[in-house]
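Basis for what follows: all heavy atoms, side chains included, without hydrogens, waters or symmetry-related copies.
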Amino acid sequence: MADSKAGRDDPRVEADTVVLDAKGLRALAHPVRVQLVGLLRKHGPSTATRLAERLGVNSGTASYHLRQLGAAGFVEEDVERGNARERWWRAVHRTTELSDRDLADREPEATLAYLQSVAAIYTLRTQRTLNELETMPRAWRDTFDMSDCALRLTPEETVALRQELRAVVTRYRRDTPEEAARAPEGAERIAVITQLLPELDAPTASETSPGPEAPTGADAP
């Protein structure tokens, strides 16, 4: 989910990052589980009932998926908050990485399900911000940006671009409880979502350039 990465290029290797293996990938190959992990990371410990309300599902469904996530090591019971009537859960890690490039070949269905869930959640987060944009303070409205830029790169250049983008992001303050306590007044959570999308169906330069005898200009048929 948010705080998910498709490759391990971050120059800082955080101790609170989980690198997906086959078991973890299969455990997260469900959109509700990806959202549950994301909510616990963003908002802190919670109960199945409260999480279910946020997701629009029944508490039994949330409880089931939380137990599955617990068995896979993504969440754990918060025994300091829980009692005989309420069971509280908290996230074990802050971020998730899918960095094993061979894992997608070994687990193609689970990989696709996980990535589709992440992509859908990114879309929901963008739409939520758009819905709230008009009511945001002007200073925050002016920070909002959605843009895309078409580049023509080799695979090696694209990997280099990804690494450079991550290096830039890691220069800034992470959204962790420790960093939040030291953040200056007025600092809020910012979601930086990067997507490098190979578009292999785009025509090449030779396909788009007219031949030496091809008609050009306004009089071309």
Side-chain angles (χ1 to χ4, degrees), residues 1-42 55 61-62 64-76 89-126 148-172 174-176 190-205:
M1 145 105 222
D3 308 321
S4 297
K5 302 172 185 175
R8 187 178 230 180
D9 300 318
D10 195 328
R12 301 181 306 175
V13 179
E14 297 94 350
D16 56 0
T17 294
V18 56
V19 179
L20 292 180
D21 56 13
K23 177 183 177 182
L25 182 62
R26 289 193 293 268
L28 282 183
H30 193 289
V32 170
R33 295 180 192 173
V34 176
Q35 292 181 80
L36 286 170
V37 172
L39 287 173
L40 289 173
R41 289 176 179 174
K42 179 178 180 180
L55 295 180
T61 297
Y64 168 77
H65 287 298
L66 284 167
R67 291 195 299 271
Q68 298 303 308
L69 289 168
F74 291 101
V75 304
E76 62 185 7
W89 297 88
R90 62 186 175 195
V92 176
H93 315 94
R94 296 294 303 175
T95 58
T96 303
E97 282 194 7
L98 177 56
S99 57
D100 185 348
R101 300 301 175 182
D102 296 327
L103 186 57
D105 295 330
R106 300 194 304 270
E107 299 283 345
E109 293 183 2
T111 299
L112 181 60
Y114 169 67
L115 293 178
Q116 286 179 332
S117 296
V118 172
I121 292 167
Y122 287 168
T123 300
L124 287 173
R125 292 172 69 180
T126 303
D148 69 294
C149 181
L151 307 175
R152 191 166 291 271
L153 307 176
T154 65
E156 294 77 16
E157 290 172 326
T158 306
V159 170
L161 173 61
R162 185 181 68 208
Q163 293 171 338
E164 290 176 31
L165 290 173
R166 291 191 176 180
V168 169
V169 171
T170 57
R171 295 205 302 263
Y172 289 83
R174 293 185 64 210
D175 181 39
T176 64
I190 296 295
V192 179
I193 300 174
T194 61
Q195 296 179 334
L196 299 181
L197 306 176
E199 298 183 355
L200 305 186
D201 59 340
T204 64

S.K.: Out of curiosity, Arg94 CZ to Asp175 CG, how far, rounded to the nearest 0.5 Å?
M.R.: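 Reported value, rounded in 0.5 Å steps: 6.0 Å.
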
S.K.: At their closest point, which heavy atom of His93 faces which heavy atom of Thr17, and how far apart are they?
M.R.: CD2-C, 4.4 Å

S.K.: I need the full list of salt bridge (charged side-chain N to carboxylate O under 4.0 Å, His left out) pairs touching residues 104-121, with sequence neighbours left out, sorted by first then second residue.
M.R.: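 Applying salt bridge (charged side-chain N to carboxylate O under 4.0 Å, His left out) to every pair that reaches into residues 104-121, excluding sequence neighbours, yields Arg26-Glu107, Asp100-Arg106.
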
S.K.: Apply the test side-chain contact (heavy atoms from CB on, under 4.5 Å) to residues Leu20 and Phe74: give CA-CA distance (whole Å), side-chain angles for both, the deciding distance (0.1 Å), then the verdict.
M.R.: CA-CA 10 Å; Leu20 292 180; Phe74 291 101; 3.6 Å; yes

S.K.: Show the nearest heavy-atom pair for residues Ala191 and Arg125, with the distance to one decimal.
M.R.: CB-NH2, 3.2 Å

S.K.: Taking Trp89 as the fixed residue, which of Leu39, Leu66, Leu36, Val37 is the one that meets the side chain to side chain contact (heavy atoms under 4.5 Å, CB included) rule?
M.R.: Leu66

S.K.: Taking all non-hydrogen atoms of both residues, which atom of Thr111 and which atom of Ala104 are closest, and how far apart?
M.R.: OG1-CA, 3.4 Å

S.K.: Under the rule for side-chain contact (heavy atoms from CB on, under 4.5 Å), what residues qualify as partners of Gln68, not counting sequence neighbours?
M.R.: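 Partners of Gln68 under the side-chain contact (heavy atoms from CB on, under 4.5 Å) test: Arg33, Tyr64.
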
S.K.: Find the distance between OH (Tyr114) and CG (Leu28) and round it off to the nearest 0.5 Å.
M.R.: 6.0 Å

S.K.: Please report the C-alpha distance between Leu151 and Leu161 in whole Å, then the side-chain angles of each, then the deciding distance to 0.1 Å, and finally whether the side-chain contact (heavy atoms from CB on, under 4.5 Å) criterion is met.
M.R.: CA-CA 11 Å; Leu151 307 175; Leu161 173 61; 3.8 Å; yes

S.K.: Side-chain donor-acceptor pair under 3.5 Å between Thr96 and Arg41, yes or no?
M.R.: yes

S.K.: So which atom in Ser117 and which in Val34 form the shortest heavy-atom distance, rounded to 0.1 Å?
M.R.: CB-CG2, 4.0 Å

S.K.: Could you tell me the separation between the CG atom of Leu40 and the CG atom of Leu69, rounded to the nearest 0.5 Å?
M.R.: 8.5 Å

S.K.: Would you say Leu55 and Thr61 make side-chain contact, with heavy atoms under 4.5 Å?
M.R.: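 A side-chain contact under 4.5 Å is absent here.
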
S.K.: Sequence neighbours excluded, which residues qualify as side-chain contact (heavy atoms from CB on, under 4.5 Å) partners of Gln195?
M.R.: Tyr122, Ile193, Leu197

S.K.: Would you give the length of the straight line joining atom CZ of Arg162 to atom CG of Leu196, rounded to the nearest 0.5 angstrom?
M.R.: 7.0 Å

